[in-house]
Undergrad: 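Provided herewith is a single structure, encoded as structure tokens, for subsequent inquiry.
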Amino acid sequence: MAADAATRVSFMSERFEPSSADGKWQLIWDERQCFRADDASDKPRSYVLEMFPYPSGRIHIGHVRNYTMGDVLARYKRMRGFEVLHPMGWDAFGMPAENAAMEKGVHPGGWTRDNIAAMKKQLKRLGFALDWSRELATCEPDYYGHEQALFLDLYEAGLVYRKESAVNWDPVDMTVLANEQVIDGRGWRSGALVEKRKLSQWFLKITDFADELLEGLTTLEGWPEKVRLMQENWIGKSQGLRCTFRFVDSADGIEVFTTRPDTMFGASFVAIAADHPVAQQMAETVPELAAFIAECKQGGTTAAELETAEKQGFNTGLSVEHPLKPAWHLPVYVANFVLMEYGTGAVFGCPAHDQRDWDFAKKYQLPIVYVVSPDGEPAGDEAHLGGGNLINSGFLDGMSVPEAKATVIARAKHDGWGQGETQYRLRDWGVSRQRYWGTPIPFIHCDACGVVPVPKEQLPVVLPEDVDFQTPGNPLLRHPTWKHVDCPKCGKPATRETDTLDTFVDSSWYFLRFASQPGDKPFDPVAIAKWLPVEQYIGGIEHAILHLLYARFWTRALQRIGLIDVKEPFASLFTQGMVTHETSTSTVQFSLGGIIVAPELVEFTNGIAHFVGNGSVLDVEPVAQSGAVAPYVPPYMVEKRGNLAFLRGSDYPVDIGRVIKMSKSKKNVVDPDDIIEQYGADAVRWFMLSDSPPERDLPWSEAGIEGCARFVQRLWRLFGQYDATATGEDKALDRKRDQIVHAAAQDIEALGFNKAVARIYELTSATEKSAPSASRSAAIKALLLLVAPMMPHLAEEAYAAMDEGLIADAAWPPVDPALLIDDEVTVAIQVLGKLRDTITVAKGLPNAELEVLALASEKVQRALDGKAVKKVIVVPDRLVNIVA
RNA sequence: GCGGACGUGGCGGAAUCGGUAGACGCAGGGGACUUAAAAUCCCUUGGGCAUUGCCCGUGUGGGUUCGAGUCCCACCGUCCGCACCA
């Protein structure tokens, strides 16, 4: 392709101008559809994906970091000859749209679609190499309609069911939450204390996959250990014995689950949860117990409260038989530390080997019998939790803990009072939400036929747009016509399900829809097989459990019912750190007629503070004097002078505080649009990649971004010195060039962007310092290709002036393997492990010669000070250590 | 309480296998250019002593080793996840 008028550039201008260049190249990439993924391509494939955003209205700096990383990888992969799929979409259902509707009187759909348009524009300004032809929004019927179809498929396969259960009710968002969405007893979004309510709910049988999901973690080598561990803990598999403790002289009993069947001979009581049916029934006739149960329910569930809460019990007076020794009777307590939600809601207490049981036994003077001892002697003054051999346990005596566990389980099964069982912490996923702005659940309630699935040919069940938000609650319930339909089975009048799906369902399969977007079905299995799994997924650690567990589950569920042939959706996962920023607080406070004025509403003329609204002169008072809390100041109002900071345009000092996550309330947010405007997309992208390793937090700084913008110009000047006609060889520079090209490639593949950046600086300096030669020009060109994935606009602009075509279509520079190996090496000379000298020698010099050279060193001889050499250690090409 | 990650200059960090600690960037200091500023370029920058040079230094204390930021043990601190999970 010849350089045409649009792309022809010269280095006439001294400065690179992002304000004109950025938009120009973005348009060219768009017009030529440079980043459109070709399904039919026979190149090797690479699917690079970043977690798609919720369209809140504006992208934040965290998105910029996330998408820049993915973009560098995607562009790099393209340069390496891969057919790259790098799509973008919108996780567009959710509460904020409804909140906006209620607060501003706008429609959630209109609000969301406006936001998408605005954010898309912002993403385009950053020059991301995205395949926009595959853009999708989960709030559109052509997405959620297919989701409804998949939901029905899962229903048919028995993986969707409906049941009445106690659920987590968020009183602020007025909806149900899944267990994963309750954090410290509060709603993950609203922060409101969650209540328990009984409701009929739709559930997905994620527990059917508990073992698979756990096992699958071991295959995910490209995932951070931390995330795998978090999911493992969340699934919470534990193996043990489920058995019955029969009431004395009765056929009935209490079912108990334990992971320590080996300690059964140490049992001294049975404890049941306050809401255990036995306790509930007894409470009806025993007021003292009813009072105790009520007291248990008052206890808080936060970490601190649990830590300090005392173990409390209520002796029911009931007795049960010990299964292994029926003549032995144990008392039954209702205890505040037993949870109905886990296991069977009942435990047997073995004080010697469980700290909670120990505390409980001490309080209620119950026997404590050691049955496991590490060395044949009973342990000390607290519960012994470790291993050892069985004692005081009849036929188990002398066995190891695992042996005893197996023996007791076998005995229980043989005698018919229990069996081995695996328990999971994971619960089924409740997906019903009592909200409007979500995917309608495709079911119909008929008085005669019960719950009937919407026939597939009637999909999508479209969300009505004519709703009002004047009254709180779900507007679908109040809609005059929408919910009234005829029953698909019997034809009589029936009503639609008015709950919608949890938005985490929407994000559980979007990565499949990106691979292909047929109109008549959710996806094309052939395309899925081509593109999936995602080679590299990038997003925030906050989704370690929620989204990432749900997406794994959906993929496995769809695989089980035969729709796709993929088990794990994301081969590699990368969780990036946050962008942080220092906080600033004003040392003075402004007021007008006694009313405090926020710093943003202050402007300075000649250092005098005026109210922005009407220009009135403001009263200024030191914060320390007024005793008020120092007001936070947004970054644009802070002016640094040397080591000090002031309110811009004044002499009022500002205190620079801790570097923390950007948040509106701390006013330390920087807006991506502002910084792109000021420094250009490439400088912003470069900053996102520099300095901090990508998994760690990145502190935003004014000085840092300015440094990046300077580097953009420095490269521009260097690129301008490219001379295709230069002659002469600079072997050292050639070597450096290829070594850095090679190392930077490895860094990018390992997502070590900060290291790649450091190497690029290094090559830049070396090239600048070199004399004109063909080598120098080659180094400049290599540098240009090296920075292309990171600073694509600068790279296109410079490339247009020196070569034909687009850098978006250029290949990664080839490397001469011979140049990767140095022919000279610097060898460290140590005496007794301390560095005394270095010598530069030919690579591969034999050890004996190195030793001779080392001993010949004047500095070595001085350090030896006449002492006899005992031993010499030589590491070829690296080091000589002389032991004297 | 359980599990995990981390701790290196003024700051962000590098050191991939146990082998020259501090690459690279930011900030600081000095200088050149300029009437001046910006921009740019050069030098310098872990601490201490000092004449060549030497000593100390990767949270603390031990250990292994010819050699430890890296491995082992104990402790301190920060952050994250889970949590009366039987």
Side-chain angles (χ1 to χ4, degrees), chain A residues 14-15 183-184 224-227 229-234 236-238 240-241 256-260 263 271 273 299 301-303 305-307 309-311 335-339 341-350 354-357 359-360 385 423-425 541 544-545 640 642-643 659 686-687 690-693 695-699 701-708 710-711 713-714 717 743 746-747 750 752 754-762 764-765 768 826-838 859 862-863 870-875 877-884:
Chain A
E14 252 171 53
R15 282 179 56 82
I183 293 148
D184 280 342
E225 191 55 41
K226 179 191 171 79
V227 176
L229 206 71
M230 281 166 74
Q231 292 210 353
E232 190 184 317
N233 290 338
W234 188 265
K237 179 177 184 172
S238 52
L241 169 72
V256 156
F257 175 73
T258 179
T259 54
R260 294 296 304 271
T263 64
T301 51
T302 67
E305 283 167 318
L306 290 177
E307 201 107 327
E310 205 178 331
K311 305 282 172 286
N336 65 343
F337 64 91
V338 180
L339 305 173
E341 299 85 52
Y342 189 79
T344 60
V347 298
F348 78 78
C350 176
D354 183 293
Q355 195 57 48
R356 286 162 308 171
D357 296 347
D359 296 344
F360 193 78
L385 307 176
Q423 280 280 339
Y424 297 91
R425 200 178 156 278
I541 185 73
I545 293 169
K640 300 247 171 101
N643 283 327
V659 176
W686 187 252
F687 185 93
S690 308
D691 293 349
S692 287
E695 69 277 10
R696 279 201 229 169
D697 288 351
L698 170 68
S701 82
E702 200 68 10
I705 183 68
E706 274 164 16
C708 292
R710 276 200 302 272
F711 184 62
Q713 298 302 337
R714 186 174 152 202
R717 287 191 299 273
Q746 287 185 324
D747 288 336
N754 56 323
K755 293 187 220 171
V757 161
R759 292 187 209 283
I760 289 169
Y761 275 116
E762 213 182 313
T764 304
S765 293
E768 282 171 338
T826 303
V827 173
I829 314 290
Q830 296 178 342
V831 177
L832 283 165
K834 286 190 184 228
L835 183 75
R836 294 299 167 185
D837 201 359
T838 58
K859 289 173 185 169
R862 199 185 315 140
K870 285 187 198 146
K871 192 161 130 190
V872 179
I873 290 139
V874 181
V875 182
D877 294 336
R878 296 219 68 151
L879 162 146
V880 179
N881 188 11
I882 296 157
V883 185

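Protein chains get the first letters and strands the later ones, always in sequence-line order, with residue 1 at the start of each.
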Undergrad: Rounding to a whole Å, what distance do you find between A/Gln713:CD and B/C41:P?
TA: 12 Å

Undergrad: So, using side-chain hydrogen bond (donor to acceptor under 3.5 Å, both in side chains) as the criterion, who are the partners of A/Ser765 when residues are at least two apart?
TA: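 side-chain hydrogen bond (donor to acceptor under 3.5 Å, both in side chains) check on A/Ser765 returns A/Arg714.
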
Undergrad: For B/C56, does OP1 or OP2 lie under 4.0 Å from any side-chain N or O of A/Lys834?
TA: yes

Undergrad: Can you list the residues that meet the salt bridge (Lys or Arg N to Asp or Glu O under 4.0 Å) rule with A/Lys237, with sequence neighbours excluded?
TA: A/Asp211

Undergrad: May I have the distance from A/Arg710 (atom CZ) to B/U40 (atom P), rounded to whole angstrom?
TA: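 Rounding to the nearest Å, CZ of A/Arg710 and P of B/U40 are 6 Å apart.
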
Undergrad: For A/Phe711, what residues pass the ring-ring contact (aromatic ring centres under 6.0 Å, His included) criterion, not counting sequence neighbours?
TA: A/Trp686, A/Tyr761

Undergrad: Not counting sequence neighbours, which residues clear side-chain hydrogen bond (donor to acceptor under 3.5 Å, both in side chains) with A/Asp359? List them please.
TA: A/Gln355

Undergrad: Applying a 4.0 Å non-hydrogen cut-off, can you work out what A/Arg356 is touching in the nucleic acid: base, sugar-phosphate, or nothing?
TA: base

Undergrad: Go nucleotide by nucleotide along RNA chain B from the 5' end; which of A/Asp691 and A/Ala346 gets its closest nucleotide reached first?
TA: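 Whichever sits nearer the 5' end wins; that is A/Asp691.
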
Undergrad: Once side-chain hydrogen bond (donor to acceptor under 3.5 Å, both in side chains) is applied, do any residues pair with A/Asp747, and if so which ones, sequence neighbours excluded?
TA: A/Arg759

Undergrad: Please report the distance, rounded to the nearest Å, between CD1 in A/Ile705 and C1' in B/G25.
TA: 13 Å

Undergrad: Apply salt bridge (Lys or Arg N to Asp or Glu O under 4.0 Å) to A/Asp354 and list each qualifying residue two or more places apart in sequence or on a separate chain.
TA: A/Arg356

Undergrad: Please tabulate the protein-to-nucleotide N/O contacts below 3.5 Å involving nucleotides 16-18 of chain B, giving atom names and distances.
TA:
{"unit_1": "B/U16", "atom_1": "O4", "unit_2": "A/Arg759", "atom_2": "NH2", "d": "3.4"}

Undergrad: Nearest whole Å is fine: how far is B/A39 C1' from A/Arg15 CZ?
TA: 9 Å

Undergrad: Residues two or more places apart in sequence or in another chain: which of them pass salt bridge (Lys or Arg N to Asp or Glu O under 4.0 Å) with A/Glu225?
TA: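 Salt bridge (Lys or Arg N to Asp or Glu O under 4.0 Å) check on A/Glu225 returns A/Arg228.
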
Undergrad: Which whole-number value in Å describes the distance from A/Asn754 CG to B/C26 P?
TA: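 Rounding to the nearest Å, CG of A/Asn754 and P of B/C26 are 15 Å apart.
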
Undergrad: Treat a base pair as Watson-Crick or G-U wobble with both distances under 3.5 Å, then lay out RNA chain B in dot-bracket form, 5' to 3', with | for cross-strand pairs.
TA: (((((((..(((......[....))).(((((.......))))).((((...))))..(((((..]....))))))))))))....

Undergrad: May I ask you to evaluate whether A/Arg696 reaches the phosphate of B/C79, defined as a side-chain N or O under 4.0 Å from OP1 or OP2?
TA: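 For A/Arg696, the contact criterion (side-chain N or O under 4.0 Å from OP1 or OP2 of B/C79) is not met.
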
Undergrad: Is B/C17 syn or is it anti, if syn means the base angle is within 90 degrees of 0?
TA: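 Syn, since the glycosidic angle lies within 90° of 0.
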
Undergrad: Who pairs with A/Arg862 by salt bridge (Lys or Arg N to Asp or Glu O under 4.0 Å), at least two apart in sequence or on another chain?
TA: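 For A/Arg862, the residues satisfying salt bridge (Lys or Arg N to Asp or Glu O under 4.0 Å) (neighbours in sequence not counted) are A/Glu858.
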
Undergrad: Taking O4'-C1'-N9-C4 for purines and O4'-C1'-N1-C2 for pyrimidines, is B/G12 syn (within 90° of 0) or anti?
TA: anti

Undergrad: Grab the CG-P distance between A/Asp354 and B/A86 for me, whole Å please.
TA: 9 Å

Undergrad: Examine B/G19: is either OP1 or OP2 under 4.0 Å from a nitrogen or oxygen in the side chain of A/Asn881? Give yes or no.
TA: no

Undergrad: Taking atom P of B/U40 as reference, at what distance in whole Å does atom CD of A/Glu706 sit?
TA: 11 Å

Undergrad: Quick one: label A/Val883 by what it contacts on the DNA or RNA (base, sugar-phosphate, nothing), any heavy atom closer than 4.0 Å.
TA: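 Sugar-phosphate contact only.
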
Undergrad: Ignoring hydrogens and angles, are the base of B/C82 and the side chain of A/Asn233 linked by a donor-acceptor pair under 3.5 Å?
TA: no

Undergrad: Should A/Tyr342 be listed as having a side-chain N or O under 4.0 Å from OP1 or OP2 of B/A86?
TA: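 Answer is yes, contact under 4.0 Å.
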
Undergrad: In whole Å, I'd like the distance from the CG atom of A/Asp359 to the P atom of B/C84.
TA: 15 Å

Undergrad: Hey, does the side chain of A/Lys871 come within less than 4.0 Å of B/C66's phosphate (OP1/OP2), counting only N and O?
TA: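 Looking at the OP1 and OP2 atoms of B/C66, one of them is under 4.0 Å from a side-chain N or O of A/Lys871.
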
Undergrad: Could you run through nucleotides 45-54 of chain B and give me one letter per nucleotide, 5' to 3': B if any protein heavy atom sits under 4.0 Å from the base, S if only the sugar-phosphate is that close, - if neither?
TA: --------SS

Undergrad: Looking at side-chain heavy atoms only, is the closest gap between A/Thr838 and A/Ile829 below 4.5 Å?
TA: no

Undergrad: Partners of A/Arg836 by side-chain hydrogen bond (donor to acceptor under 3.5 Å, both in side chains), sequence neighbours excluded?
TA: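 Expected list: none.
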
